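Heads up, the thing below is written out as structure tokens.
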Amino acid sequence: MRIATWNINGVRRRLGPLARLVAHARPDVISLQETKVEDDLFPRAAVEELGYRFNLIHGMKSYNGVAILSRVPIEDTGTRAWCGREDRRYAFATLPSGIEVHNCYVPSGGDMPDAEANDKFAHKLRFLKELAVWWSAESKRRRAVLVGDLNVAPLETDVWSHKQLLAVVSHTPVEVELLDRLMATRRWVDAVRQFVPPEQHLYTWWSYRNRDWAKSDRGRRLDHIWVTPALRASLAGATVLREARGWKDASDHVPVLVDLKP
DNA sequence: ATGGTTGTGCGACAA
């Protein structure tokens, strides 16, 4: 079972890269964030042609939007809203094996890492706290995968310069602390870091605003795949598809993949 | 310090 997560930054502008991901990796499940389209306008036919017939679409006009695309039937599907807002940032589904996939798009948090002065940052912190409360209340021992753009780069090696990004939203101590708290709720395992040692720099996002993303390599690891302890022994591999940042019509995020053995 | 780019949808705004 191969599960991919990708902040696709506008699914309608990204059908080429999506087909390329499928040809390259053939994931069984693809979780998308920032689809940026209301459900009526979602490119369902194109996605079905790629082999994904079982789809959970949860979008809105222009902003946010998540989707779970699956080659295998999904059941017990659902969505959630957070912070008393209607933002479409969370969807979940259960695979035939009983494994739950939770697809999450955490608010980016704006520019200023000050909850008093910046409502977007306050929203991000509140969102992470609500996620932690919800996961703390969920029953133990479930087999679950949490994927998505969590918009936090927790490790020093998850950013191009720990020192220079300490006061930059996505890598501030308060965000890292909240992500750690969220991780502790279910003893989530960082699947990708099981295969790429924490000493090694690893990024999933590079700004569009750099002249040469690969040369400057000022990336951050914002996109994550976590599994509950019950699935740790099933982890067979995990990859960040860095090359996708260089594809034609690239998103600013690249796909992240995990393989689970039965 | 500032500006750099992209998507949505056609003007800002969010990232």
Side-chain angles (χ1 to χ4, degrees), chain A residues 5-21 30-44 46-47 57-67 81-83 85-90 103-115 117-128 147-154 158-161 163-172 175 179 203-224 242-256:
Chain A
T5 180
W6 195 9
N7 180 322
I8 199 164
N9 189 17
V11 66
R12 288 177 295 177
R13 288 293 245 185
R14 225 61 75 189
L15 291 174
L18 184 62
R20 210 162 160 181
L21 168 66
I30 306 176
S31 288
L32 299 176
Q33 304 87 37
E34 285 210 87
T35 54
K36 295 188 174 179
V37 64
E38 44 199 328
D39 298 349
D40 290 350
L41 297 174
F42 193 96
R44 288 166 193 272
V47 161
I57 313 286
H58 187 52
M60 58 190 282
K61 190 175 176 172
S62 297
Y63 305 111
N64 312 315
V66 290
W82 307 86
C83 304
R85 299 163 62 123
E86 297 304 313
D87 298 359
R88 298 194 155 187
R89 296 179 176 274
Y90 202 96
N103 180 14
C104 182
Y105 174 48
V106 172
S108 134
D111 288 332
M112 228 188 320
D114 177 347
N118 174 8
D119 288 343
K120 290 178 188 168
F121 194 68
H123 178 215
K124 181 179 196 174
L125 301 186
R126 203 174 331 124
F127 192 101
L128 289 168
V147 308
D149 178 1
L150 304 185
N151 263 316
V152 181
D158 289 339
V159 293
W160 62 275
S161 167
K163 218 172 138 183
Q164 283 175 261
L165 286 170
L166 268 171
V168 173
V169 172
S170 72
H171 192 60
T172 64
E175 292 167 86
L179 200 73
Y203 317 131
T204 65
W205 171 88
W206 294 260
S207 172
Y208 282 128
R209 299 177 194 179
N210 284 328
R211 204 167 297 240
D212 185 336
W213 71 274
K215 194 177 169 205
S216 59
D217 202 19
R218 296 188 167 190
R220 306 179 202 169
R221 189 170 73 108
L222 305 176
D223 304 273
H224 299 272
R242 178 183 168 105
E243 67 192 71
R245 186 61 179 80
W247 288 351
K248 183 176 183 292
D249 301 322
S251 168
D252 44 356
H253 296 251
V254 298
V256 182

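Convention: sequence-line order gives letters A, B, ...; per-chain numbering from 1. The structure presented is a predicted model; accordingly, all values stated were derived computationally and were not measured.
Mapped onto DNA chain B by nearest heavy atom, A:Lys61 and A:Asn210 fall at different nucleotides, with A:Asn210 at the one closer to the 5' end.
Comparing B:dA1 with B:dT5, their P atoms sit 22 Å apart, to the nearest whole Å. Taking atom C1' on both B:dT6 and B:dG11, the two are 16 Å apart, rounded to the nearest angstrom. Rounded to whole Å, the C1' atom of B:dT2 lies 23 Å from the corresponding atom of B:dG7. B:dG9 and B:dC13 have their C1' atoms separated by 12 Å, with the value rounded to a whole Å. Between the P atoms of B:dG4 and B:dT8, the separation comes to 22 Å (whole Å). Nucleotides B:dG3 and B:dA15, compared at atom C1', are 15 Å apart to the nearest Å.
Figure legend: cation-pi geometry between A:Arg220 and A:Trp205 absent, as NZ or CZ is not positioned both under 6.0 Å from the six-membered ring centre and within 45° of its axis.
Taking 4.0 Å as the cut-off between side-chain N and carboxylate O, A:Asp249 and A:Arg20 do not count as a salt-bridged pair. A salt bridge does not link A:Lys120 with A:Asp114: every distance from a Lys NZ or Arg NE/NH1/NH2 to an Asp or Glu carboxylate oxygen is 4.0 Å or more.
A:Arg12 comes within 4.0 angstrom of the backbone, heavy atoms only, and of no base. Heavy atoms of A:Arg218 sit nowhere under 4.0 angstrom from any nucleic acid atom.
Taking the six-membered ring for Trp and the full ring otherwise, the centers of A:Tyr90 and A:Trp82 sit less than 6.0 Å from each other.
Here the C1' atom of nucleotide B:dT8 and the CD atom of A:Gln33 are 18 Å apart, to the nearest Å. A:Arg14 has its CZ atom 10 Å from the P atom of B:dT6, to the nearest Å. The distance between atom CZ of A:Arg13 and atom C1' of B:dT8, rounded to the nearest whole Å, is 9 Å. Atom CZ in A:Phe42 sits roughly 12 Å away from atom P in B:dT8 (whole-Å rounding). Taking atom CG of residue A:Asn9 and atom P of nucleotide B:dG9, one finds them 13 Å apart after rounding to whole Å.
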Candidate pair A:Leu222 and A:His253, rule side chain to side chain contact (heavy atoms under 4.5 Å, CB included), full reasoning: CA-CA 8 Å; A:Leu222 305 176; A:His253 296 251; 4.1 Å; yes

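With 3.5 Å as the limit, one finds a donor-acceptor pair spanning the side chains of A:Arg89 and A:Asn64.
No option in A:Lys36, A:Gln33, A:Glu34 other than A:Lys36 meets the side-chain hydrogen bond (donor to acceptor under 3.5 Å, both in side chains) test with A:Asn9.
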Return the polar atom pairs (N/O with N/O) between nucleotides 12-15 of chain B and the protein under 3.5 Å, or none.
{"from": "B:dA14", "atom 1": "OP2", "to": "A:Lys120", "atom 2": "NZ", "distance (Å)": "3.3"}
{"from": "B:dA15", "atom 1": "N6", "to": "A:Arg209", "atom 2": "NH2", "distance (Å)": "2.4"}
{"from": "B:dA15", "atom 1": "N1", "to": "A:Arg209", "atom 2": "NH2", "distance (Å)": "2.9"}

